[in-house]
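Here's the structure, in structure tokens; my notes come after.
Along the sequence shown, residues carry numbers from 1. Just the heavy atoms: all of them, side chains too, but no hydrogens, waters or symmetry mates, feed the values below.
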Amino acid sequence: MDFAELAEDIAHEAEHALFLTRQIKQIDERVANLYADADPAGIVASAPGVGAVISAVTAGRIGDRHHESAIWHLATHLVTRIAACMRTGQPYALRDVDDTPITEAEGRAIVKARYKIDPRRRENVRYTRMRERRKQAAGQESQGSRCAPTGRPTKTKPTSRQVA
């Protein structure tokens, strides 16, 4: 490929990227307008981790769960709380376990003090997961369910004959 062709390809890709960037901006504006119409009081955005960009939230008590499990666990709780706020028409308010209103800084301090995972526990969970992944990679995983798909043939025989 000569330089002129390469320059033309790059110009075309840059033009395409600019077009997509403009589309994303238009979609972001449309979403913002729809959100403003749907929730003019900003109740949903008052929940922690929700705003222009949804941020990841972690909690110590679920720190030993799989990453995706933790995300779904938190999402379920967050959506439930947001729905309650929408029903009452009140913005989300951080509270301690005894229902005392707290600031974000106080909440962070509480989580750090009460829900910290012991480093030995974290290492044990990490070791156990790594051992299981190695077993699976070596094909040594147990077949927990006869119906579960696996990467190898099952060791069971059919229980009934199928007649054609």
| L34 side, atom CG; E29 side, atom CD - distance, nearest 0.5 Å | 12.0 Å

| note | With sequence neighbours left out, the residues meeting side chain to side chain contact (heavy atoms under 4.5 Å, CB included) with N33 are none

With a cut-off of 3.5 Å and sequence neighbours excluded, list every side-chain donor-acceptor pair involving residues 4-12.
none

| message | Taking side chain to side chain contact (heavy atoms under 4.5 Å, CB included) as the definition, give me every residue that meets it alongside R120, ordered by chain and number, with sequence neighbours left out. | response | D118

| The single option from R122, R121, E123 passing side chain to side chain contact (heavy atoms under 4.5 Å, CB included) against V125 | R121

Contacts under 3.5 angstrom, residues 90-101 side chains, donor-acceptor by atom type, not counting sequence neighbours:
unit_1 : atom_1 : unit_2 : atom_2 : d
Y92    : OH     : R81    : NH1    : 3.2
R95    : NH1    : D99    : O      : 3.1
D96    : OD1    : R114   : NH1    : 2.9
D96    : OD2    : R114   : NH2    : 3.3
D98    : OD1    : T100   : N      : 3.3
D98    : OD1    : T100   : OG1    : 2.8
D98    : OD2    : T100   : OG1    : 3.3

| field | Between CZ on residue R87 and CD1 on residue I43, distance to nearest 0.5 Å | value | 11.5 Å

| message | With rounding to the nearest 0.5 angstrom, report the CD to CZ distance, Q136 to R131. | response | 12.0 Å

| Do I110 and I102 come close enough that some side-chain heavy atom pair is under 4.5 Å? | yes

| request: Sequence neighbours left out, what passes side chain to side chain contact (heavy atoms under 4.5 Å, CB included) with E132? Give chain and number order. | output: K135

| task | To the nearest 0.5 angstrom, please state how far the CG atom of D39 sits from the SG atom of C85. | result | 10.0 Å

| field | Atom pair CZ/CG of R126 and N124 - distance to nearest 0.5 Å | value | 11.0 Å

Hey, can you pull the donor-acceptor pairs under 3.5 Å for the side chains in residues 19-28, sequence neighbours left out?
unit_1 : atom_1 : unit_2 : atom_2 : d
T21    : OG1    : A17    : O      : 2.8

